[in-house]
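Structure first, commentary second.
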Amino acid sequence: MSKIELEKIYDAKSAEKGIYEKWEDSGFFNPDKLPGNRSENFVIAMPPPNVTGILHLGHAYENALMDIQIRYQRMQGKKALIIPGTDHAAVATQARVEDNLKKEGIKNPRQELGREKLLEKIREFAESHKAIMIGQIKKLGTSCDWSRLAYTFDEPRSKAVNELFRMMFADGLIYRGYRVVNWSVKGQSTCSDDELEYETRKTIVYTFKYSDNFPIPIATTRPETKLGDTAVAVNPDDERYAHFIGQKFTVDIGAANPLTITIIGDKNVDINYGTGAVGVTPAHSQIDFEMYQKNKEIGIIPVIGKDGKMLAAAGKDYEGLTTLEAREKFVAWLKEHNLHISEEEIEHNIGKSDRFKDVVEALPMEQWFVDVNKEIPGRGKSLKDLMREAVTIGHNGDKHKIIDITPERFHDTYLSWIDNLRDWCISRQIWWGHRIPVWYCDECNEIFYSAEKHEACPKCQGHNIRQDEDTLDTWFSSGAWTFSTLGWPDKTEDLKKFHPTTWMQMGYEILFFWMARMILMSTYALDDIPFKNVYIHGILRDKNGKKFSKSLGNGLDPLEVIEKYGTDAIRLSLIKGVSAGNDSRYYEEKIEGSRNFVNKLWNISRFIFSSIENPTIIAARPEAKTEADKWIFNQLDFAIFNATQSLEKSDFSAAAEFLNDFTWNDFADWYLEVCKVESQKSKVDSDSKDEILQYILQQILKLWHPFIPYVTELIWSKIDQKNLLMIEAWPKAEENKHGIVENIKDLLHLAKTDVVDFSLVKEVVASLRNLRAENKVEAGVFARVIIFAGSKLTFLQSQKEIIMKLSRLEKLDLMESGEKPKGCAANIVSGLEIYLDLAGLIDIEAEKKRLTKEIAEVDQYIKGIEMKLANEEFVSNAPAAVVAKEKEKLAEASGRKHKLNEQISSL
RNA sequence: GCGCAUUUAGCUCAGCUGGUUAGAGCACUUCAUUUACACUGAAGGGGUCGGGGGUUCGAAUCCCUCAAUGCGCACCA
């Protein structure tokens with residue numbers, strides 16, 4: 001063994017090279033191959049990124065969160081597992097590929113290529129992106145178990161999807177129904193309510209009457225749909241209209257047939273809004289459709305088709321027109337017949353398909369739905385009940401099966417969302433996805449489940465059968481992610497061991513899409529919750545608070561950042577200053593700060609290694625020989641304790657901050673400087689210091705490893721060539737004479753009492769540096785320091801050398817007390833009088849000014865405390881300890897004021 | 001319209017269940033240059049904690065209210 005030499009300049013790019021491979025080769029990403037006795041599991045199912053593109057900053061952020069968590073847990077001795085995967089992202093991917101093909105000149109890819117060929121194109125796209133994305137996840141350093149890599153559209157996951165469908169179909173929870181759904185004309189597919197983006201637009205609201213003799217005026221922003229009206233709803237409490245309820249009116253407004261308008265009562269109609277009456281178009285409004293379901297006798301007349309054009313039922317004047325053309329025409333007709341009453345421009349929200357970007361039409365059609373309100377056979381509750389239970393009383397009322405949501409406030413948001421949940425439309429008319437495993441017999445009309453290709457109808461044996469053309473909503477497969485990745489429906493070892501998973505992180509923007517569906521699927525199919533803890537995070541925004549987006553051109557490519565600053569720096573910068581559930585701003589200076597820290601850590605190591613002959617692992621804490629040693633160990637315990645507590649709460653930012661304070665402020669800026677003095681005394685002293693330095697460095701490497709795994713692993717490898725840092729045990733705060741500290745307040749107390757001695761040295765040094773700077777004492781200028789140390793005299797004498805070196809002053813006279821020296825710059829620190837004798841070079845006026853200002857500040861402070869203590873109510877009501885503390889503060893401040901006054905007069 | 005979040009130094013954010021002379025990083029000012037590290041070190045300036053009211057001996061912290069900003073949900077007749 002010999003000295004370790006580190007490169008002078010830390011170059012993240014070359015330094016990080018090869019380390020991921022080393023981790024991967026070790027097999028430790030796989031919990032089954034981790035050494036030691038590990039009884040507890042910690043499992044994260046990685047939210048699978050869509051195969052539509054390459055990783056963006058949001059992915060880097062999520063990977064940082066997951067990997068910090070899993071590396072910490074692995075070091076805590078748990079069987080730590082991240083299951084990686086990718087998502088075929090049905091609509092999103094097909095929409096993307098179709099767009100690409102259109103750019104290549106294929107106008108209508110579905111028609112021109114046909115199902116098989118188009119699927120082939122999408123598959124190629126998906127596969128190539130999948131490979132890119134896996135490479136990128138590795139670049140981020142995420143320690144996931146690649147032997148368990150999953151894909152929502154691979155064989156095992158498809159099997160899970162089919163089995164889920166079969167179960168729900170058999171239980172009658174999946175049904176085919178005729179209902180109003182959101183239809184994307186451009187995508188020629190349904191989309192769920194969650195797949196809509198809302199956009200505020202100006203539009204005109206038209207008020208009109210169906211006919212001269214129709215008693216109630218109606219308002220609408222979509223006149224063309226009125227050709228399919230079958231009712232008018234009024235509030236039963238509305239005196240103006242209530243007596244019309246039940247009456248029928250026949251009106252001819254130009255549709256194919258005269259309309260029969262029934263007046264119905266509905267409590268939801270707002271008497272005071274608009275005309276106080278709603279024209280009901282069951283076919284083209286979800287709300288109106290619900291009224292129709294309650295009053296089927298009113299009938300339903302679809303007037304818009306899947307192509308977004310008017311149907312024959314709208315009348316021969318309108319058939320084939322676009323909705324906008326029909327609108328104009330109908331409004332003109334109303335005006336012509338004096339039925340048009342008024343127009344008003346308003347702002348309202350329109351729903352657009354988030355993937356195809358066109359305004360969705362509400363159309364009634366046959367689709368597949370999951371019934372969330374129906375009682376599950378044999379369970380006595382509905383899917384909705386299950387979704388609610390999991391976050392309230394626990395699954396099946398089992399307290400151990402409650403999902404904890406961080407931060408808590410999303411708990412209520414989730415519940416109110418569940419309350420408003422409608423049946424979930426799961427069929428899509430796109431081709432990229434799991435095909436609905438249902439077959440129709442055209443001979444006997446039997447409908448049956450089959451995941452396999454079928455030859456004959458099981459009922460009539462006829463061969464005239466066909467599979468449903470539709471595919472499943474992508475969230476149907478994503479919902480099964482926590483257990484499909486573990487091998488379900490097979491009863492695998494993995495499933496037994498690792499489900500429910502432990503921790504799940506997700507952005508609040510997919511809270512309802514995804515979390516709710518995972519809970520639904522898992523509680524239904526496995527009779528268990530999918531995970532124990534959900535950590536909700538916000539989104540990253542740019543410096544101005546804008547979302548990162550391609551169209552704004554404000555994107556930061558994580559791979560470019562890694563290229564420039566290294567993976568460690570990006571990981572650390574992503575989690576710093578971020579709290580759960582909140583958005584945060586992200587910009588280059590943040591990355592620079594983290595890069596600087598990595599560099600600092602590198603240089604700390606370089607410095608320590610430079611003095612050590614035989615670097616070795618120091619397993620047990622060495623003995624503290626000096627005051628500084630005692631102090632730094634105390635600070636280390638403080639950092640370990642706080643970082644650990646923060647990590648247990650998934651407060652990654654706070655943990656990093658504690659570690660940063662210790663590493664940079666305590667260790668590098670103070671302790672290392674002290675060591676330069678203390679280790680020069682003798683060989684014994686220097687050996688003792690080297691041991692302590694190595695020990696602390698090793699603790700620091702362990703503590704930082706989850707955050708900045710590369711640089712820490714690299715430095716560790718210089719000391720220990722055999723073992724990887726990634727599986728070292730997480731440090732524990734040492735037990736001291738008070739026993740294990742229970743909380744931060746205890747520890748803060750300890751920090752102030754037990755190690756007050758070295759803190760005094762710090763204060764004295766800081767004060768001397770301040771006096772030097774204030775009086776512009778340049779290097780080499782003679783300056784004598786006199787300190788009246790009182791009872792601390794002996795102690796300060798033992799620290800004299802440190803004080804002089806760190807404050808870079810040459811002569812220091814320590815005495816218990818004495819006559820105030822004249823004409824010195826002076827200060828008071830913790831009751832100690834400090835004088836800096838500049839041999840007449842002092843600017844008396846400036847010094848007076850400074851001291852006067854200081855006295856004024858102390859005065860202010862004293863006044864505040866005096867007022868408090870003069871307040872009888874404070875003295876009698878506040879706890880005795882608080883009062884005592886105030887008195888103590890007052891005594892100290894008064895003493896300080898007194899001495900400052902003496903100093904100013906001795907000028 | 002309903003709900004949630006945010007509002008603390010020029011900027012980005014900490015400050016937990018009320019007792020600190022309100023903190024950090026960046027930026028700023030001054031100083032230091034054959035130093036483990038300029039991706040550095042030292043010293044410093046800068047805040048009546050969004051406004052108003054209340055509870056309390058005591059409020060950045062709890063309650064009410066208003067405002068601004070952001071985000072959900074509903075409405076969109």
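Protein chains get the first letters and strands the later ones, always in sequence-line order, with residue 1 at the start of each. Please read these numbers as outputs of a predicted model, since none were measured by experiment.
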Do we get K676(A) above F607(A)'s six-membered ring, with its NZ or CZ under 6.0 Å from the centre and within 45° of the axis? yes

side-chain N/O R585(A) vs U12(B) OP1/OP2, d < 4.0 Å: yes

Could you measure between the two P atoms, the one in C2(B) and the one in U65(B), and give it in whole Å? 12 Å

Give a yes/no verdict on a cation-pi contact between K209(A) and F214(A), requiring under 6.0 Å between NZ or CZ and the six-membered ring centre and an angle within 45° of the axis. no

Among the nucleotides C39(B), G44(B), A5(B), whichever has the atom closest to the side chain of N770(A) is G44(B)

Would you say the base of U21(B) stacks on Y861(A) (centre-to-centre below 5.5 Å, plane angle below 30°)? yes

Looking at Y508(A) and G538(A), what are the two nearest heavy atoms and their distance? CE2-CA, 3.4 Å

Where the side chain of N420(A) is defined as all heavy atoms beyond and including C-beta, which of C73(B), C57(B), U30(B) is the nearest nucleotide? C73(B)

With nearest nucleotide decided by heavy atoms, which residue, K676(A) or R541(A), maps closer to the 5′ end of RNA chain B? K676(A)

Which nucleotide in the set C57(B), G44(B), C39(B) lies at the smallest distance from any side-chain heavy atom of N871(A)? C57(B)

G44(B), C37(B), A77(B): which one has an atom nearest the side-chain heavy atoms of V269(A)? A77(B)

From the options A77(B), G19(B), U12(B), select the nucleotide whose nearest atom is closest to the side chain of Y587(A). U12(B)

Give none if G46(B) has no partner; otherwise give the nucleotide forming a Watson-Crick or G-U wobble pair with it, both distances under 3.5 Å. none

At less than 4.0 Å, is any side-chain N or O atom of K600(A) found next to OP1 or OP2 of G41(B)? Yes or no. yes

Would you tell me if any nitrogen or oxygen in the side chain of S416(A) comes within less than 4.0 Å of OP1 or OP2 on C73(B)? no

Closer to the 5' end of RNA chain B via nearest nucleotide, is it K543(A) or K889(A)? K543(A)

The side chain of P879(A) lies closest to which of these nucleotides: G19(B), A43(B), A77(B)? G19(B)

Using the test ring-ring contact (aromatic ring centres under 6.0 Å, His included), find all partners of F208(A) that sit at least two apart in sequence or belong to another chain. Y210(A)

Side chain of F607(A) only, heavy atoms from C-beta on: which candidate in A74(B), A43(B), A36(B) is closest? A36(B)

For C37(B), does OP1 or OP2 lie under 4.0 Å from any side-chain N or O of R606(A)? yes

Under 4.0 Å from OP1 or OP2 of U40(B): is there any side-chain N or O of N596(A) that close? yes

Please check if the distance between the ring centroids of W704(A) and F597(A) is under 6.0 Å. yes

Would you mind telling me which of C76(B), A42(B), A77(B) lies closest to the side-chain atoms of D669(A)? A42(B)

Within the 4.0 Å heavy-atom criterion, would you say D661(A) contacts the bases, only the backbone, or no part of the nucleic acid? nothing

Please classify the nucleic acid contact of T413(A) as base, sugar-phosphate, or nothing, using heavy-atom distances under 4.0 Å. nothing

T221(A) side-chain N/O to A77(B) phosphate OP1/OP2 under 4.0 Å: yes

Rounded to whole Å, please give me the gap between CG in D583(A) and C1' in C13(B). 14 Å

May I ask you to say whether E197(A) pairs ionically with K352(A), meaning some side-chain N is under 4.0 Å from a carboxylate O? no

Nearest to side-chain heavy atoms of A219(A), which nucleotide of A36(B), A14(B), A77(B): A77(B)

